[in-house]
Asker: 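Mind having a look at this structure? Questions to follow.
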Amino acid sequence: MLAFLFLFLGLGTLALEQANPLLIYPYDATEEAPSPAAHSAGVRAYDLDGPEGRVVVWAVPPRGNKPTVFYLHGNAGNLTNREGRFRRFHQSGFGVFAPAYPRSSGSEGRPSEAALISTVKFAYDSLRSDDQFAAFDGPVVIYGESLGSAVGLGLIEALEASGDQDLPTGIVLEAPFSSISDMAQATVSDIGRVAPIFMDSWNSDERAAEMSLPLLVIHGKRDRVVPISQGQAVYDAAGSSKKKIMRVPDANHVNLWASGILTQLFGHMALKDLGL
């Protein structure tokens, strides 16, 4: 959901410099508790003391030996807007662990590329080591939605750089983009050449090239916010020897889950099609 960014890139470089946080990170800071339906399904809100301040996390443990989905949301709205997705995951047995970025859903801090990555790395480390999350012991799959796909690749880079041996089992990228610059050039032409001077870069293609984890890219062929060529570029750049791309014929940026892909998606998240 990067529409705000690419609608306003044409305002010029001064506007880019001043409006970067608003354009890339137009989150809803409103903190809301899980609805009664989500709460009855086991979804709980947690407070963590992260590097940027308070981090709000919504989480529900997996059933049986299913993985936990470490869910990284897109750049608009808040956790409440993803509640339906969390319930669908849990109905299929998956756990969910969804941290809110700085200035989203009650989390504190100023959003930036570095701040988002440090926040989600802290959340991931907490998931794997904090006793209050003992029920989540087991495999973890990262799921990145739109901007969250870039955050997920940044997280893997940070985990590997820190020497973390407890890496996720795989990663799913929904409507990823190769970089902010590439997206800008694909949508508003020449302004993309100056965008990196004032904006976070989010070079997902470069990070994907260094990653060896099993990868699934899903992208709607009718996506006009993040063109499918962007998802294809991330897939092509990925260094993983176990990678797959699902090009969904009738889907756009917001209706991928309404396009009959869930059975295939959940099969991959259990990593059955990878032989793991």
Side-chain angles (χ1 to χ4, degrees), residues 46 48 50 55 57-74 82 85-86 88-90 92-101 116-130 132-176 202 204-218 231 234-235 237-246 264-276:
Y46 297 85
L48 304 178
V55 180
V57 175
W58 283 19
V60 57
R63 297 194 301 272
N65 61 354
K66 285 291 185 72
T68 291
V69 178
F70 191 84
Y71 192 95
L72 299 171
H73 62 80
R82 281 80 184 180
R85 289 188 167 207
F86 301 159
R88 295 292 293 275
F89 281 129
H90 191 57
S92 295
F94 294 96
V96 175
F97 196 89
Y101 306 137
L116 265 65
I117 292 173
S118 66
T119 295
V120 300
K121 183 181 183 299
F122 168 79
Y124 184 89
D125 291 341
S126 299
L127 169 64
R128 304 312 272 167
S129 62
D130 194 321
Q132 69 178 318
F133 302 125
F136 295 81
D137 186 33
V140 174
V141 174
I142 294 176
Y143 189 102
E145 169 208 331
S146 195
L147 178 66
S149 66
V151 180
L153 290 168
L155 169 59
I156 292 172
E157 179 183 63
L159 290 172
E160 292 179 337
S162 69
D164 197 314
Q165 300 299 308
D166 194 2
L167 295 175
T169 307
I171 183 168
V172 180
L173 305 180
E174 175 186 322
W202 291 112
S204 292
D205 52 353
E206 296 178 7
R207 286 172 169 150
E210 299 298 320
M211 185 196 70
S212 59
L213 294 178
L215 166 69
L216 172 66
V217 174
I218 57 175
V234 173
Y235 173 80
S240 174
S241 62
K242 294 182 177 179
K243 61 181 182 178
K244 179 178 180 180
I245 185 168
M246 294 171 57
Q264 297 179 66
L265 172 61
F266 290 159
H268 177 91
M269 295 183 72
L271 302 179
K272 294 175 181 177
D273 61 335
L274 298 177
L276 301 178

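Since the structure is predicted, the reported quantities are computational estimates derived from the model, not experimental observations.
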Asker: Closer than 3.5 angstrom, by distance alone: can the side chain of Arg63 be matched with the main-chain N or O of His90 as a donor-acceptor pair?
Answerer: yes
Asker: Under the ring pair (Phe, Tyr, Trp, His ring centres under 6.0 Å) test against Tyr46, which residue among Trp58, Phe133, Phe97 passes?
Answerer: Phe133
Asker: Which pair of heavy atoms, one from Pro168 and one from Leu213, lies closest together, and at what distance?
Answerer: O-CD2, 3.5 Å
Asker: From Arg85 CZ over to His73 NE2, what is the distance, rounded to the nearest 0.5 angstrom?
Answerer: 12.5 Å
Asker: Counting C-beta onward and ignoring hydrogens, is there a side-chain heavy-atom pair between Val140 and Leu127 closer than 4.5 Å?
Answerer: yes
Asker: Which atom names give the shortest non-hydrogen contact between Ile218 and Pro176, and what distance separates them?
Answerer: O-CD, 4.2 Å
Asker: Which atom pair, heavy atoms only, marks the closest approach of Ile171 to Gly152?
Answerer: CD1-C, 3.9 Å
Asker: Can you name the nearest heavy-atom pair linking Ala100 to Thr119, along with the distance?
Answerer: O-CG2, 4.2 Å
Asker: Do Glu160 and Leu167 have side chains that get closer than 4.5 Å, going by heavy atoms?
Answerer: yes
Asker: Does the pair Leu173 and Leu153 meet the rule for a side chain to side chain contact (heavy atoms under 4.5 Å, CB included), with working shown?
Answerer: CA-CA 9 Å; Leu173 305 180; Leu153 290 168; 4.0 Å; yes
Asker: Specify the closest pair of heavy atoms between Gly231 and Ile245, including all atoms of both residues, with the distance to one decimal.
Answerer: O-CD1, 4.3 Å
Asker: Any idea how Phe94 and Phe266 line up, ring-wise: parallel (<30°), tilted (30 to 60°), or perpendicular (>60°)?
Answerer: tilted
Asker: Where the side chain of Lys243 meets the backbone of Ala238, is there a donor-acceptor pair that is under 3.5 Å apart?
Answerer: yes
Asker: Nearest 0.5 Å please: distance from the OG atom of Ser149 over to the CD1 atom of Ile142.
Answerer: 11.5 Å
Asker: Could you tell me how the ring of Phe89 sits relative to the ring of Tyr143: parallel (under 30°), tilted (30 to 60°) or perpendicular (over 60°)?
Answerer: perpendicular
Asker: Rounded to the nearest 0.5 Å, what's the gap from CG on Leu48 to CD on Gln132? Could you check?
Answerer: 6.0 Å
Asker: Evaluate the criterion side chain to side chain contact (heavy atoms under 4.5 Å, CB included) for residue pair Leu216 and Met246; output intermediate values, then yes/no.
Answerer: CA-CA 8 Å; Leu216 172 66; Met246 294 171 57; 3.9 Å; yes
Asker: Apply side chain to side chain contact (heavy atoms under 4.5 Å, CB included) to residues Val141 and Phe70 and explain how you reach the verdict.
Answerer: CA-CA 6 Å; Val141 174; Phe70 191 84; over 6 Å; no
Asker: Does a side-chain N-to-carboxylate-O contact under 4.0 Å join Lys121 and Glu157?
Answerer: no
Asker: So, do Leu159 and Asp125 sit near enough that their side-chain heavy atoms are less than 4.5 Å apart?
Answerer: yes
Asker: Is any side-chain heavy atom of Ser126 closer than 4.5 Å to one of Val57?
Answerer: no
Asker: With a sphere of 6.0 Å drawn around CG of Asp130, does it hold more than 12 non-hydrogen atoms of other residues, nucleotides or ligands?
Answerer: yes
Asker: Is the closest side-chain heavy-atom distance between Val69 and Met269 below 4.5 Å?
Answerer: yes
Asker: I would like to know whether Lys244 and Val172 meet side chain to side chain contact (heavy atoms under 4.5 Å, CB included); could you show each step before the answer?
Answerer: CA-CA 10 Å; Lys244 179 178 180 180; Val172 180; over 6 Å; no
Asker: For Ala158 and Ile117, which heavy atoms make the closest approach, and how far apart are they?
Answerer: CB-CG2, 4.0 Å
Asker: Between Tyr71 and Arg82, is a side-chain hydrogen bond (donor to acceptor under 3.5 Å, both in side chains) present by the stated rule, with each step listed?
Answerer: CA-CA 10 Å; Tyr71 192 95; Arg82 281 80 184 180; 4.7 Å; no
